[in-house]
Amino acid sequence: MRITPLALLFLSALVASPARADLHITRDHGGYVEEYKAKYKRIRDRRERVIIDGICNSACTLVFGIVPMNKICVTPKASLGFHQAYYDKAFTFGMKVTSAEGTSDLMSYYPNTVKDWIRRNGGLTTEMKKIKNGGELWKIVDPCPEEW
C-alpha cells in the first residue's frame with residue numbers, strides 16, 4: 001500500500017492538532033483551594049469540558065466559578081458538597097479551624113446560581129451541604145447531553 005502526500009498531510013494534521021480532553025469528576029472530595037484554582041484555570045484556558053459524574057465536594061466546586069458554565073455538565077450520579085473553608089490542619093495542630101477569609105474567597109468565585117442555592121440553604125457552615133442530581137442541581141448546571 002502506498003501513502004500519498006495528501007494522506008500524509010491529513011495524518012500529520014490529525015496528529016499535530018491538540019486532542020480535546022474532558023475532565024471527568026467521579027470522586028473528588030476537595031483539597032487545597034489554590035491547587036484547584038490553578039487546575040481549573042488550565043482547563044478553562046484549554047477550553048476543555050468538565051463532566052461531573054459523581055462526588056464533587058469542597059474545593060472541587062470552584063469549577064463553577066472558573067470554567068465557563070457552558071463547558072460543565074452533570075450526569076445522574078452527580079453530587080455537589082459545599083462548606084466553609086478551613087485552614088490547613090498542619091498549621092492548626094490537627095484541628096479543623098474555619099477561615100472567614102478563605103470562605104469569602106470561595107464565595108467570590110461562585111456564580112450567582114451557586115450563591116443563591118447556598119443562601120437558600122442557610123449559607124456556608126462547618127457542615128457539608130449537598131445537592132444531588134435533579135431539579136435543584138439543574139438550576140445551577142445543565143445535565144450532560146448524550147453526545148458528551
Which atom names give the shortest non-hydrogen contact between [X] and [Y], and what distance separates them?
{"X": "Gly31", "Y": "Ala59", "value": "O-CB, 3.6 Å"}
{"X": "Met128", "Y": "His83", "value": "CE-CD2, 3.5 Å"}
{"X": "Val67", "Y": "Glu48", "value": "CG1-O, 4.4 Å"}

Checklist entry - Do the charged groups of Glu136 and Lys130 touch, with an N to O distance under 4.0 Å? => result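 Judged by the 4.0 Å cut-off on N to carboxylate O distance, Glu136 and Lys130 do not form a salt bridge.
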Item to check | Residue pair Tyr109, Phe64: steps toward the ring pair (Phe, Tyr, Trp, His ring centres under 6.0 Å) verdict | outcome: CA-CA 8 Å; Tyr109 275 85; Phe64 297 110; over 10 Å; no
Checklist entry - Out of curiosity, Gln84 CD to Ser99 OG, how far, rounded to the nearest 0.5 Å? => result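 Nearest 0.5 Å value for the CD-OG distance: 9.5 Å.
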Considering only heavy atoms from C-beta outward, does the side chain of [X] approach that of [Y] to under 4.5 Å?
{"X": "Lys115", "Y": "Met107", "value": "yes"}
{"X": "Val63", "Y": "Lys39", "value": "no"}
{"X": "Asp105", "Y": "Val33", "value": "yes"}
{"X": "Phe82", "Y": "Asn57", "value": "no"}
{"X": "Ser79", "Y": "Asn133", "value": "no"}
{"X": "Met95", "Y": "Tyr87", "value": "no"}
{"X": "Ile66", "Y": "Lys37", "value": "yes"}
{"X": "Thr75", "Y": "Ile52", "value": "no"}

Between [X] and [Y] (side chain of the first, backbone of the second, donor and acceptor by atom type, cut-off under 3.5 Å), is there such a pair?
{"X": "Lys132", "Y": "Ala78", "result": "no"}
{"X": "Asp22", "Y": "His24", "result": "no"}
{"X": "Tyr110", "Y": "Asp116", "result": "no"}
{"X": "Ser104", "Y": "Glu101", "result": "no"}

Item to check | Connected via hydrophobic side-chain network under 4.5 Å: Tyr86 and Leu124 | outcome: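 In one cluster with Tyr86: Leu124, no.
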Next on the checklist: In this structure, would Ile55 and Ile140 fall into the same cluster of hydrophobic residues linked by side-chain contacts under 4.5 Å?
Outcome noted: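 Not linked; separate clusters.
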Item to check | Worked verdict on Tyr36 versus Asp28 for side chain to side chain contact (heavy atoms under 4.5 Å, CB included) | outcome: CA-CA 11 Å; Tyr36 278 81; Asp28 191 328; 2.5 Å; yes
Item to check | The single option from Ile131, Thr113, Val74, Val50 passing side chain to side chain contact (heavy atoms under 4.5 Å, CB included) against Val141 | outcome: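 It is Val74, the one option of Ile131, Thr113, Val74, Val50 that forms the side chain to side chain contact (heavy atoms under 4.5 Å, CB included) with Val141.
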Checklist entry - Distance only, no hydrogens: is a donor on one side chain within 3.5 Å (strictly under) of an acceptor on the other, for Tyr40 and Asp45? => result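 No.
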Checklist entry - Between Ser58 and His29, do the side chains contain an N or O donor and an N or O acceptor separated by less than 3.5 Å? => result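 Their side chains do not contain a donor-acceptor pair, so the 3.5 Å distance test is not met.
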Next on the checklist: Heavy-atom count check: over 12 atoms from other residues, nucleotides or ligands less than 6.0 Å from Arg120 CZ?
Outcome noted: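 More than 12 within 6.0 Å, yes.
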Next on the checklist: Filter on salt bridge (charged side-chain N to carboxylate O under 4.0 Å, His left out), then keep only pairs touching residues 51-69, sequence neighbours left out; what's left?
Outcome noted: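 Counting only pairs at least two positions apart or across chains, the salt bridge (charged side-chain N to carboxylate O under 4.0 Å, His left out) contacts touching residues 51-69 are Asp53-Lys77.
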